[in-house]
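To start, the structure under review is shown below, and the notes come after it.
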Amino acid sequence: MAMTALRREGRRFLLSPIPPNPSTAARSTMLSEDLSLLGIRSISTQVVRNRMKSVKNIQKITKAMKMVAASKLRAVQLRTENSRGLWQPFTALLGDTPSVDVKKNVIVTITSDKGLCGGINSTSVKISKSLYKLTSGPEKETKYVLLGEKGKVQMVRDSKNSIEMTITEVQKNPVNYTQVSVLADDILKNVEYDALRIIFNKFHSVVSFIPTISTILSPEVVERESESGGKLGDLDSYEIEGGETKAEVLQNLAEFQFSCVLYNAVLENACSELGARMSAMDSSSRNAGEMLDRLTLTYNRTRQASITTELIEIISGASALTG
């Protein structure tokens, strides 16, 4: 005979069929869901125990992930602080002019390869899309260069035609300058640009990161800005030694500046990712603990109600015998 269970829909109670030969666990789960819809607290203790076991396992995983992120953060943070001294001389010499108006813009968006780190990747993608709208125009061309799997997944949905290059698994091994300089050289060989705009999350603290944009101009634009007497006009006050021309020196400076800024940006974003993962896993562990407390209370109430029902049945039976 097929079993039916009461289900509540609005103000009505409906009869929903249960499969003819369900397993014991499936039967108890379906019945407990139906009873909970009706506001009845006498659900199966086995269902609650299974749920408590699942929550405990998840809590163990989140705590372990937090500890792993904390141990990695200490090593990456030291290298990040040391890398900040590489790009600062270039900024003092060539400046950082994000408002410069050029025809060919390349947006280098740095994201992570793994998830479970809060909204750090979504923030970089949103800023990249906003910058794309600002730098686009009828006579302008803007392309994306994406570092990281998460940025690639989000960008492919609506900006597939604007993606020039994608690079993943940058942080699979500990990041070093040699590795990043090879990536920088590969990017410069495959894209044409007047301005490179690197978007990354600058590490401030474990619970705070600052979305940052660094702008690197091509040698032609640098020379044009220098001749127009802008912020880069101080370049003419330096003497060039050796047989290199000013154009060759600017070319070398632009390539070296891009590799240094990219190296620092990758490390800053890695630090921000680990800090965000620590915060996310800590929040998940706390939420799991709160859920475990609620399930424990439900389990105790269910068990107490079951014991009380059995005692009432025993007393009622004894009373009927003696009466």
Side-chain angles (χ1 to χ4, degrees), residues 51-87 108-128 145-156 166-183 198-214 260-293 295:
R51 186 70 183 276
M52 290 172 63
K53 185 178 179 181
S54 300
V55 174
K56 286 180 181 179
N57 292 336
I58 293 173
Q59 189 179 40
K60 290 179 182 178
I61 294 172
T62 54
K63 287 182 177 180
M65 291 182 67
K66 177 186 175 182
M67 294 176 64
V68 171
S71 63
K72 290 182 178 180
L73 179 62
R74 296 188 186 94
V76 178
Q77 185 176 356
L78 180 60
R79 286 187 290 147
T80 302
E81 293 173 352
N82 294 333
S83 69
R84 291 173 182 171
L86 290 175
W87 58 267
V108 183
T109 305
I110 300 177
T111 57
S112 65
D113 291 315
K114 299 178 181 179
L116 298 177
C117 52
I120 184 172
N121 296 316
S122 300
T123 301
S124 298
V125 171
K126 288 179 181 178
I127 293 176
S128 300
V145 174
L146 306 178
L147 272 71
E149 183 67 29
K150 294 302 177 180
K152 174 185 173 182
V153 171
Q154 295 186 42
M155 284 290 193
V156 166
T166 58
I167 302 172
T168 58
E169 297 186 356
V170 178
Q171 301 174 18
K172 185 176 181 180
N173 299 315
V175 180
N176 54 56
Y177 179 76
T178 303
Q179 174 189 358
V180 176
S181 62
V182 172
L183 293 178
I198 305 174
I199 298 176
F200 61 97
N201 294 284
K202 187 174 182 179
F203 180 76
H204 186 262
S205 67
V206 176
V207 295
S208 175
F209 54 89
I210 305 171
T212 307
I213 302 175
S214 294
C260 291
V261 173
L262 186 64
Y263 176 59
N264 173 252
V266 170
L267 288 176
E268 294 277 2
N269 200 81
C271 260
S272 301
E273 175 194 349
L274 293 172
R277 182 170 288 113
M278 284 180 59
S279 300
M281 293 301 100
D282 182 59
S283 178
S284 299
S285 299
R286 288 200 305 269
N287 292 338
E290 294 174 1
M291 184 179 293
L292 195 59
D293 292 339
L295 289 172

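All values below come from the heavy atoms of this structure, side chains included, with hydrogens, waters and symmetry mates left out. Computed from a prediction, not measured in an experiment: that's the story for all the values here.
A distance of 5.0 Å separates CZ in Phe209 from OG1 in Thr123, rounded to the nearest 0.5 Å. The OG1 atom of Thr178 lies 9.0 Å from the OH atom of Tyr263; values are rounded to the nearest 0.5 Å. In this structure, the separation between CE on Met291 and CZ on Arg51 is 5.5 Å, given to the nearest 0.5 Å. The structure places CD of Gln59 at 6.0 Å from CG of Leu292, a figure rounded to the nearest 0.5 Å. To the nearest 0.5 Å, atom OG of residue Ser284 and atom CZ of residue Arg277 are 11.5 Å apart. Here the CG atom belonging to Leu73 is positioned 6.0 Å from the CE atom belonging to Met278, to the nearest 0.5 angstrom.
Counting heavy-atom neighbours within 6.0 Å of Arg79 CZ, excluding the residue itself, gives a total above 12.
When all heavy atoms of Thr168 and Glu149 are compared, the pair lying nearest together is CG2-OE1, 3.2 Å. Across Thr212 and Ile210, no two heavy atoms sit closer than the pair OG1-O, 2.9 Å. Shortest non-hydrogen contact noted between Ala288 and Val55 is O-CG1, 3.4 Å. Asn264 and Arg84 get closest at one heavy-atom pair: ND2-CG, 3.5 Å. The shortest non-hydrogen separation linking Phe203 to Glu268 is N-OE1, 2.9 Å. Taking both residues in full, the closest heavy atoms of Pro211 and Ile127 are given as CB-CD1, 3.1 Å, listed atom of the first, atom of the second, then distance.
Between the side chain of Thr166 and the backbone N or O of Lys152 there is no donor-acceptor pair closer than 3.5 Å. Listed for the Ser71 side chain is a donor-acceptor partner under 3.5 Å among the backbone atoms of Val68.
Side-chain contact between Met67 and Lys63: absent, with no pair of heavy atoms (C-beta onward) separated by less than 4.5 Å.
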Inset, instruction - Show your reasoning for whether side-chain contact (heavy atoms from CB on, under 4.5 Å) applies to Ser124 and Ile110. - result: CA-CA 7 Å; Ser124 298; Ile110 300 177; over 6 Å; no

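Between Thr109 and Ser128, the side chains place a donor N or O and an acceptor N or O closer than 3.5 Å (distance only, hydrogens not considered). Between Ser112 and Asn269, the side chains place no donor N or O within less than 3.5 Å of an acceptor N or O (distance only, hydrogens not considered).
Between Glu290 and Arg286 there is no salt bridge, since no side-chain N of the basic residue sits under 4.0 Å from a carboxylate O of the acidic one.
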